[in-house]
Amino acid sequence: MTNSSTIENIISKNDVKPGDILLYVLQEKPEFKEWTKENLLCNFGMLIDMLIIFAEDSMCTHAALAAQEPDGVVESTMPYVRYRSPIYTSGYHISVRRVPGEKDGSVILKYLPPVSKDTPKDNAPYAYSQAVLASLFCIFRRQGMSNPILRESMLLFLKLLLYPLAAWLDSILPAVQGKTTAYFCSQLVADCYDKAAVHDSPDFRLHCPDSGPVGDRLIDWLLEQKPDKKRLCAAAVKTETHVNLSLESPEIICAALSLLGKLNPEKSSTMETHLQAQVLQTGIQSTAYAQTLQTVRIQDADDTAVEILGLLMRILKPLGFNVSPDTLADDLLRFQAAFIMPCDLYSETSMLHIGEIIDGR
């Protein structure tokens with residue numbers, strides 16, 4: 001249980017500004033209600049809360065955005081995205097986070113999916129499957145491995161499998177059928193901030209180290225390359241056909257996924273050199289490795305950056321990941337958002353911590 005006397009920097013709802021991130025921290029561990037038809041959605045939410053608490057040892061189990069209207073929030077909670085008032089909810093204290101500097105955080109709200117107060121059933125639905133699989137992923141990422149490079153690669157590979165699986169499972173749910181997008185709570189928050197980072201200012205980029213960042217260096221670099229992005233992506237599409245990547249070689253997959261997480265595109269060494277260095281750190285060997293490595297060469301590449309983009313698309317497509325070359329940064333950010341949990345936003349490192357709301361005042 002959280003003791004309000006131990007909370008520093010207590011603020012009121014009047015200190016909240018539109019676009020602020022609101023992180024709801026449970027004061028006590030949740031318990032299931034009686035298993036009746038009326039309590040199914042509530043107990044499903046309790047299950048996700050319990051998974052988060054178990055996997056991350058964190059009582060932060062919900063995230064929302066401060067709405068334009070005073071004392072209001074926009075959130076994704078079962079069964080759909082909705083407006084809600086007031087901000088405070090009994091049983092929680094609320095940690096408020098804000099973009100640093102003089103940026104107008106309300107621009108975040110323009111990246112919300114359409115949200116109707118009058119007909120909420122028409123709003124974007126809750127991402128049931130993605131919420132469950134992202135919660136289960138939290139359990140896997142707690143597991144340690146003696147080889148950190150291999151661990152990072154395998155976790156990323158697991159994400160690449162879970163992402164299209166969750167999209168397919170959600171698409172067959174009656175509540176989600178016919179809707180183009182679905183979100184769980186922290187996914188909605190992260191998605192809006194990431195879109196603002198792409199289209200407004202890099203200051204809105206979220207950095208959640210606990211979530212296992214995917215290609216942060218590559219994403220940030222792509223965001224900086226706006227004048228040349230179309231040229232690079234067009235060249236990557238041309239050179240993609242020159243990459244003969246064997247998915248039977250685990251070293252290449254692990255090494256390439258490690259590159260996706262860590263590679264600095266400005267390095268001048270060749271893609272083959274990058275892969276060799278990463279493979280040495282994974283410690284895996286297979287008969288397919290030597291032959292595969294020799295084929296991972298792009299003869300017509302303009303530079304290393306084009307090699308990176310071409311190889312990236314070649315890896316992701318066989319895994320069922322729909323990568324659009326001209327929106328690669330957006331696609332990677334959306335992929336990141338799908339695995340960012342409320343506890344990840346709680347430990348996020350770039351936003352300002354404004355204070356804590358402990359009651360409805």
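Sequence positions, counted from 1, serve as the residue numbers for this chain.
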Does any part of the side chain of [Y], heavy atoms only, come nearer than 4.5 Å to the side chain of [X], both counted from C-beta?
X: Val132; Y: Leu136; value: yes
X: Tyr193; Y: Tyr111; value: no
X: Met351; Y: His207; value: no
X: Glu356; Y: Asn9; value: no
X: Glu69; Y: Ser85; value: no
X: Leu188; Y: Glu75; value: no
X: Leu173; Y: Tyr128; value: yes
X: Met59; Y: Ile53; value: yes

Atom pair [atom1] ([X]) and [atom2] ([Y]), whose distance is rounded to the nearest 0.5 Å:
X: Leu133; Y: Leu162; atom1: CG; atom2: CG; result: 5.5 Å
X: Ile21; Y: Ile108; atom1: CD1; atom2: CD1; result: 7.5 Å
X: Ser201; Y: Asp104; atom1: OG; atom2: CG; result: 11.5 Å
X: Cys185; Y: Leu65; atom1: SG; atom2: CG; result: 10.5 Å
X: Gln187; Y: Asp194; atom1: CD; atom2: CG; result: 10.5 Å
X: Leu352; Y: Arg98; atom1: CG; atom2: CZ; result: 8.0 Å

_Donor + acceptor pair across side chains of Tyr88, Asp71 (<3.5 Å)_ =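 Result is no, nothing qualifies.
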*Between Arg82 and Ser116, a side-chain donor and acceptor under 3.5 Å*: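 No, no side-chain donor-acceptor pair sits under 3.5 Å.
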*asked:* Between Tyr126 and Phe184, is the ring centroid distance below 6.0 Å?
replied: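 When the ring centroids of Tyr126 and Phe184 are compared, they turn out to be at least 6.0 Å apart.
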Of all the heavy-atom pairs spanning [X] and [Y], show the shortest one and how long it is.
X: Leu345; Y: Ser186; result: CD1-CB, 3.8 Å
X: Tyr183; Y: Pro113; result: CE1-CG, 3.7 Å
X: Ile357; Y: Lys13; result: CD1-CA, 4.1 Å
X: Ser58; Y: Cys343; result: OG-CB, 3.5 Å
X: Val99; Y: Gly105; result: CG1-CA, 4.4 Å
X: Gln27; Y: Tyr92; result: NE2-O, 3.4 Å

*Identified side-chain contact (heavy atoms from CB on, under 4.5 Å) partner of Val96 from the options Ile87, Leu23, Asp15, Leu22*: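 Output: one option passes, namely Leu22.
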*Cation over ring, Lys117 on Tyr83, under 6.0 Å and within 45°?*
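Lys117 over Tyr83 ring: yes.
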*Do we get Arg97 above Tyr346's six-membered ring, with its NZ or CZ under 6.0 Å from the centre and within 45° of the axis?*
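Judged by the rule (NZ or CZ under 6.0 Å from the ring centre, within 45° of its axis), Arg97 counts as positioned above Tyr346.
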*Just wondering, more than 12 heavy atoms not from Phe32 lying within 6.0 Å of its CZ?*
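Correct, the count exceeds 12.
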Any donor-acceptor pair under 3.5 Å linking the side chain of [X] with the backbone of [Y]?
X: Asn123; Y: Val81; answer: yes
X: Ser135; Y: Ala131; answer: yes
X: Asp170; Y: Ser129; answer: yes
X: Gln130; Y: Ala338; answer: yes
X: Thr119; Y: Lys121; answer: no
X: Asp20; Y: Lys17; answer: yes
X: Ser350; Y: Leu206; answer: no

*Between Tyr24 and His62, how do the two ring planes meet: parallel, tilted or perpendicular, split at 30° and 60°?*
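The arrangement is tilted - the two ring planes meet at 30° to 60°.
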_Verify same cluster id: Tyr80, Leu112 (apolar side-chain graph, 4.5 Å)_ =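 Tyr80 does not cluster with Leu112.
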_Under-4.0 Å salt bridge between Arg205 and Glu348_ =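 Answer for the salt bridge query: no.
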*Asp200 and salt bridge (charged side-chain N to carboxylate O under 4.0 Å, His left out): which partner among Lys195, Lys103, Lys110?*
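Output: one option passes, namely Lys110.
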